[in-house]
Visitor: 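A single structure is presented below for examination.
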Amino acid sequence: MTASLRVIAPGLMTTVQDLGRPGWQHLGVPVSGALDHVSLRAANLIVGNAPGTAALEIAYQGPALAVDADSVRIAVAGGAAPVEVLAH
């Protein structure tokens, strides 16, 4: 089985973010990226990813996601927020 993440409901203001594009401002490209670089790096460290690996950045109402895999590692980092994990 190929592992996948299925979006059931997108939530409000859920985006995919990495560490941005530093070093290109002289060409008019803003750094952008995750709002909280420390939390992105921490979450990636927890699950064993490279520090700049893209992740879901969730603001306001979170999404409903289904994991289609035998097992999964997730990390939640940043501000305090309620998280529900439902198993089938």
Side-chain angles (χ1 to χ4, degrees):
M1 168 189 265
T2 301
S4 65
L5 186 64
R6 189 167 23 99
V7 178
I8 306 299
L12 181 62
M13 298 294 295
T14 299
T15 60
V16 178
Q17 298 292 338
D18 60 10
L19 291 176
R21 307 292 174 269
W24 295 94
Q25 292 76 32
H26 68 285
L27 296 175
V29 178
V31 175
S32 299
L35 288 174
D36 183 349
H37 287 192
V38 173
S39 291
L40 175 66
R41 290 174 190 269
N44 276 321
L45 178 67
I46 290 168
V47 298
N49 291 340
T53 301
L56 294 178
E57 185 171 83
I58 300 167
Y60 307 111
Q61 179 184 353
L65 307 168
V67 176
D68 295 326
D70 293 331
S71 66
V72 65
R73 285 187 280 174
I74 63 168
V76 179
V83 176
E84 291 183 59
V85 177
L86 308 173
H88 290 275

Visitor: Check for me, please, whether Val47 and Val85 land in the same ILVMFWY cluster - side-chain distances under 4.5 Å, paths through other members count.
Guide: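 Each belongs to a different hydrophobic cluster.
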Visitor: Quick check against the 3.5 Å criterion: does Thr14 have a side-chain atom that pairs as donor or acceptor with the backbone of Pro10?
Guide: yes
Visitor: Do you know which two heavy atoms are closest between Asp18 and Leu40, and how far apart they sit?
Guide: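 Of all heavy-atom pairs spanning Asp18 and Leu40, the closest is C-CD2, 3.6 Å.
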Visitor: Do Leu65 and Ile8 come within less than 4.5 Å of each other through their side chains, counting heavy atoms only?
Guide: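 No; the side chains remain at least 4.5 Å from each other.
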Visitor: Backbone N or O of Ala66 within a donor-acceptor pair of the Arg6 side chain at under 3.5 Å?
Guide: no
Visitor: Where is the tightest heavy-atom contact between Leu5 and Val67, given as atom of each residue plus distance?
Guide: CD1-CG2, 4.0 Å
Visitor: Are Val83 and Ile46 linked, directly or through intermediate hydrophobic residues, by side-chain heavy-atom contacts shorter than 4.5 Å (ILVMFWY only)?
Guide: no
Visitor: Given the rule in the side chain to side chain contact (heavy atoms under 4.5 Å, CB included) test, do Val31 and Gln25 qualify, once you have shown the distances and angles that lead to the verdict?
Guide: CA-CA 7 Å; Val31 175; Gln25 292 76 32; 2.5 Å; yes
Visitor: About how many Å separate OG of Ser39 and CG of Asn44, when rounded to the nearest 0.5 Å?
Guide: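 Going from the CG atom of Asn44 to the OG atom of Ser39 covers 11.0 Å.
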Visitor: Other members of the hydrophobic cluster containing Met13, with the 4.5 Å side-chain heavy-atom rule, please.
Guide: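 The other cluster members (ILVMFWY side chains, heavy atoms under 4.5 Å, direct or chained) are Leu12, Tyr60.
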Visitor: Report yes or no: does Asp68 contribute a side-chain atom to a donor-acceptor pair with the main-chain N or O of Ala3 at less than 3.5 Å?
Guide: no
Visitor: Please list, chain by chain and in numerical order, all residues satisfying side chain to side chain donor-acceptor pair (under 3.5 Å) with Ser32, sequence neighbours excluded.
Guide: none
Visitor: Do Pro63 and Ile58 touch side chain to side chain, with heavy atoms closer than 4.5 Å?
Guide: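 The answer is yes; the side chains approach within 4.5 Å.
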Visitor: Tell me which pairs pass salt bridge (Lys or Arg N to Asp or Glu O under 4.0 Å) where either residue lies in residues 24-42, with sequence neighbours left out.
Guide: none
Visitor: Search all heavy atoms of Ala54 against all heavy atoms of Val16 and return the closest pair with its distance.
Guide: CB-CG1, 3.8 Å
Visitor: Closer than 3.5 angstrom, by distance alone: can the side chain of Glu57 be matched with the main-chain N or O of Leu35 as a donor-acceptor pair?
Guide: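 Such a contact is found between Glu57 side chain and Leu35 backbone.
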